[in-house]
Amino acid sequence: MTNKSIERKTLLTVFGVVMGLLILLWMGLCNDRVVYIPGWDFALYVSWLESSLRYSIDGAAGYLPLALLMLYPFAWLAKLSSMEISCAVYLLVSISFWYFFLYKLGKSKKSIFIVLVALFFSTESIFALHSGNQVIQAAGFIAAFLFLYDSPKKVYRGLALACLLVAAVLKIYPVIFGLLLLFDKRYKSVGFCVVLGLAFTFLPLLLFNGGFFENLEPMWTNMLTQLGRTDSLGHLGGHFGFLSLADWAVRKMGGTNTPEFPATLYVIAKYMQLLLAAISVALCFFTKSNWVKVAILSIIVTVLYGGDIPYHYDGVLFFPTIVQFFNKQTYTQKDILYVLLFCLFLNPFPNIFIVPIGTTFLANIALLLIWGLLLIDILKEVKPRLLLKKTFLFNF
């Protein structure tokens with residue numbers, strides 16, 4: 001495919017038509033076969049807070065105290081009214097915050113609505129809303145961080161860092177977006193994030209019953225428990241990436257008759273994923289494209305964010321990349337591949353049934369192909385610069 005330029009409206013038309021057809025076809029096929037109970041995850045979280053504000057190893061495993069405190073107003077509302085009303089308010093507030101900053105992140109206000117509608121009806125978005133998981137809030141804070149990050153106003157740039165840290169406290173892996181600070185050599189901001197991040201992690205313990213030191217031990221135990229998990233998908237990926245691909249292969253082969261085979265395959269997939277992530281981060285230091293940097297980091301966060309639940313809502317962490325793609329000033333015919341892969345990634349058909357992790361196969365393949373295309377783009381950008389550098393050194 002040549003590098004002939006192409007207009008944004010052409011790519012947007014392709015994206016809108018393909019996603020529109022998929023959404024309409026999904027609506028026509030699902031009928032009443034999809035019955036969602038919104039917020040089941042949310043109801044579980046709130047139940048941890050209804051009786052007291054004591055940070056408990058039994059009730060809060062895997063969640064830092066700030067994440068639970070952010071749910072406390074909704075636990076209070078659930079006591080005053082009902083869990084259903086509280087859940088509805090929680091989802092409304094979370095969705096409004098999330099999509100407001102996705103909207104602000106888009107520079108073309110005429111086209112952003114098409115993108116947002118497609119994102120809303122995607123598999124990842126529907127699963128996130130179905131669960132009520134705090135990944136919705138984390139996604140909103142990531143979008144806010146990316147929107148405010150380059151603001152000419154210092155106070156907004158400070159708010160951007162605070163948003164990044166809240167997202168990191170909620171879901172840990174969004175801290176990887178902090179690498180943007182290193183790419184841009186904003187070392188003072190890195191130091192500020194370290195201090196504020198420690199404050200966001202530990203100071204909320206003061207607000208739990210029992211005080212700081214009594215709650216510090218269970219929090220530390222929670223963190224060690226999560227880091228020590230040994231399930232096949234675990235904390236180095238789950239629904240996307242090479243681990244998910246390995247899991248799909250094992251399932252297709254019926255688990256195999258040799259127990260050592262799945263374990264070996266998972267280990268290979270895990271280290272391949274980590275190696276490619278490290279190479280990708282290193283290459284980001286050589287590209288001038290901010291969109292490519294954000295896209296690479298978004299993919300790394302998405303593939304590392306894992307779990308053993310059958311809902312791949314972690315894909316919402318990739319949404320800002322799609323919004324920012326349509327902010328670019330120039331496009332080539334190759335960008336049509338990105339658009340089609342976005343559609344494959346977002347397609348709503350896995351929503352027809354609440355099904356196992358294996359249904360993410362096509363979305364996962366799309367994300368891995370996008371990852372590959374991004375690395376090719378970086379190498380094409382870097383190679384001429386390296387050749388010029390070598391030529392200069394040779395002549396010298």
Side-chain angles (χ1 to χ4, degrees), residues 39-78 83 86-87 89-98 101 127-145 159 161-178 193 196-212 214-227 229 235 238 301-302 304-309 311 313-314 316-317:
W40 63 266
D41 229 355
F42 164 77
L44 177 63
Y45 297 158
V46 168
S47 69
W48 294 343
L49 295 170
E50 283 187 311
S51 59
S52 71
L53 260 177
R54 183 183 176 85
Y55 192 81
S56 167
I57 182 62
D58 298 321
Y63 295 91
L64 293 175
L66 180 62
L68 296 178
L69 285 178
M70 290 176 65
L71 288 170
Y72 187 70
F74 302 101
W76 175 76
L77 181 60
M83 182 64 72
S86 178
C87 180
V89 173
Y90 165 80
L91 288 175
L92 180 61
V93 171
S94 300
I95 295 168
S96 299
F97 178 78
W98 178 23
F101 279 105
F127 278 163
L129 299 179
H130 165 66
S131 70
N133 190 280
Q134 281 186 293
V135 72
I136 301 173
Q137 295 174 330
F141 280 108
I142 289 171
F145 163 70
L159 284 174
L161 300 180
C163 288
L164 170 65
L165 293 172
V166 172
V169 167
L170 288 173
K171 291 298 175 182
I172 308 300
Y173 290 102
V175 74
I176 291 172
F177 282 101
C193 283
L196 191 60
L198 290 173
F200 281 1
T201 300
F202 294 103
L203 290 184
L205 288 173
L206 294 170
L207 301 177
F208 284 78
N209 291 339
F212 181 85
E214 183 176 341
N215 291 309
L216 183 61
E217 182 178 354
M219 187 192 79
W220 182 251
T221 304
N222 286 337
M223 295 170 65
L224 293 179
T225 299
Q226 293 301 302
L227 291 174
R229 287 175 55 191
H235 266 59
V301 171
T302 302
L304 292 185
Y305 180 105
D308 51 5
I309 58 172
Y311 309 104
Y313 48 58
D314 33 340
V316 300
L317 302 174

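For the pair Ala199 and Pro204, the tightest heavy-atom approach, listed with the atom from each and the gap, is O-CD, 3.4 Å. Of all non-hydrogen atoms in Pro174 and Leu164, the two that sit nearest each other are O-CD1, 3.4 Å. Nearest heavy-atom pair across Leu170 and Ala138 is CD1-N, 3.8 Å. Of all heavy-atom pairs between Phe177 and Leu317, the closest is CZ-O, 4.4 Å.
Counting only heavy atoms from C-beta outward, the side chains of Leu64 and Ile172 approach each other to under 4.5 Å. Between Gln134 and Val169, every side-chain heavy-atom pair lies at or beyond the 4.5 Å cut-off. Looking at Leu304 and Ile176, their side chains come closer than 4.5 Å, going by heavy atoms from C-beta outward. In this structure, Pro73 and Leu77 have side chains that are not in contact, with every pair of non-hydrogen atoms separated by 4.5 Å or more. Side-chain contact between Met70 and Tyr90 is absent, with no heavy-atom pair separated by less than 4.5 Å.
With rounding to the nearest 0.5 Å, the separation of CG in Leu92 from SG in Cys87 is 11.0 Å. Of the inter-residue distances, the one linking Leu203 atom CG with Leu69 atom CG reads 11.0 Å to the nearest 0.5 angstrom. Taken from CG in Asn133 to NZ in Lys171, the straight-line distance is 3.5 Å, to the nearest 0.5 Å. Note that the CZ atom of Phe145 and the CG atom of Leu161 stand 6.5 Å from one another [nearest 0.5 Å].
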Worked verdict on Val135 versus Val316 for side chain to side chain contact (heavy atoms under 4.5 Å, CB included): CA-CA 8 Å; Val135 72; Val316 300; 3.9 Å; yes
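Note: Phe101 and Phe141 fail the aromatic proximity criterion, with ring centroids not under 6.0 Å apart.
One N or O on the side chain of Ser86 and one on the backbone of Phe74 form a donor-acceptor pair closer than 3.5 Å.
Taking Ile136 as the reference, Leu91, Ser94, Trp98, Ala128, Leu129 meet the side chain to side chain contact (heavy atoms under 4.5 Å, CB included) condition, with sequence neighbours excluded.
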